[in-house]
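In each ligand, atom 1 is the first atom listed, and ligand 1 is the first ligand listed.
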Amino acid sequence: MRIEHCKTLVTGASGGIGACLALALAKRGAKLMLVGRRMAALQKVQQQISEEVGIIPLIYAADLTDSGSREELVSELQRTMGGIDLLINNAGVVDFTEFSEQDPAMVEQIYRTNLIAPVLLTRALLPGMLEQQSGNVVNIGSVFGSIGFAYFTTYSSSKFALRGFSEALRREIKCSGVEVQYIAPRATRTGANSDAVYQMAKATKMQMDPPEQVAEAIVKAIIKGKANVYLGFPESLFVRINSLFPTLVDAALHKQNQIMARFAAKHS
Ligand SMILES: NC(=O)c1ccc[n+]([C@@H]2O[C@H](COP(=O)([O-])OP(=O)(O)OC[C@H]3O[C@@H](n4cnc5c(N)ncnc54)[C@H](OP(=O)(O)O)[C@@H]3O)[C@@H](O)[C@H]2O)c1
């Protein structure tokens with residue numbers, strides 16, 4: 001897909017991968033609307049893009065788990081941009097906790113942010129894209145959305161569902177002119193991860209990418225248009241092995257899980 005002049009909504013653009021993605025897209029000439037809950041953080045990203053690229057992206061503060069806020073966002077998008085060409089469902093929350101002790105409110109928050117919000121935002125914006133017979137929905141998943149990871153059980157399963165949604169919708173609207181991509185980074189150095197995750201990653205030698213690098217890879221994947229993209233090696237290979245021989249991966253992860261257990265939160 002061509003990024004220049006592309007009317008683009010990036011969710012979760014107030015920090016981490018989304019903020020880097022916004023900058024990378026702005027450098028390629030996208031017309032941006034950036035969304036997150038924190039207005040001050042969005043203004044910082046807007047300022048950075050304005051200084052580095054010379055354009056001022058639109059920003060909009062909204063809690064995407066709230067249906068009223070999503071509706072207002074869609075109206076605002078229509079009013080200010082006259083529709084959309086590229087929806088990037090990037091906003092997400094992570095929690096590294098033993099499932100039996102995870103706060104039920106957090107379980108709900110993860111599914112509402114990582115699954116319900118992107119699905120319903122897509123539901124709201126897809127008819128316009130279908131009408132114009134062009135557009136692209138990009139769902140930001142995770143390698144944990146293909147390999148079920150212990151102590152990230154809720155997070156992992158939310159991304160499995162997002163991957164399933166992407167695959168089914170892609171098949172449903174094939175030949176409509178609208179594409180659906182699922183792009184899955186591996187662990188990335190952002191505020192999404194707690195200190196415990198960083199300590200666990202060090203102890204298990206888990207690789208973590210800088211968000212700027214991940215954002216560049218996502219933009220390149222959008223330009224290329226491949227349906228499913230897994231970032232990082234050997235994680236992309238493990239995704240394939242897990243889909244074919246999950247019991248092999250059970251065995252391979254057994255030792256790592258014992259190390260992870262030392263760091264995962266155990267209280268609700
Ligand atoms: N970091 C990793 O290791 C990693 C690895 C693979 C995949 N990913 C995926 O990459 C995406 C971005 O993650 P990140 O690491 O960049 O996380 P991050 O630094 O914590 O950023 C998350 C973004 O989501 C926004 N957000 C969260 N809840 C929201 C809500 N209810 N409404 C609106 N915006 C909300 C946050 O903005 P506000 O706080 O301002 O609302 C923030 O801009 C996520 O989908 C994540 O699952 C991350």
- Item | Electrostatic pair Glu167-Arg163, nearest N-O below 4.0 angstrom | no

- Any Lys/Arg nitrogen of Glu216 or Arg28 sitting under 4.0 Å from an Asp/Glu carboxylate oxygen of the other? yes

- Task: Look at atom NZ of Lys7 and say whether more than 12 heavy atoms of other residues, nucleotides or ligands are closer to it than 6.0 Å.
- Result: yes

- Task: Below 4.0 Å from any atom of ligand 1, which residues have a heavy atom? Give them in chain and number order, please.
- Result: Gly12, Ala13, Ser14, Gly15, Gly16, Ile17, Gly36, Arg37, Arg38, Ala62, Asp63, Leu64, Thr65, Asn90, Ala91, Gly92, Thr113, Ile140, Gly141, Ser142, Tyr155, Lys159, Pro185, Arg186, Ala187, Thr188, Thr190, Gly191, Ala192, Asn193

- Considering all heavy atoms, the nearest Val180-Ser166 contact: CG1-O, 3.6 Å

- Query: Using 30° and 60° as the class limits, which term best fits the ring planes of Tyr151 and Phe96: parallel, tilted or perpendicular?
  - Reply: perpendicular

- Message: Between Thr153 (side chain only) and Ala150 (backbone N and O only), is there a donor and an acceptor less than 3.5 Å apart?
- Response: no

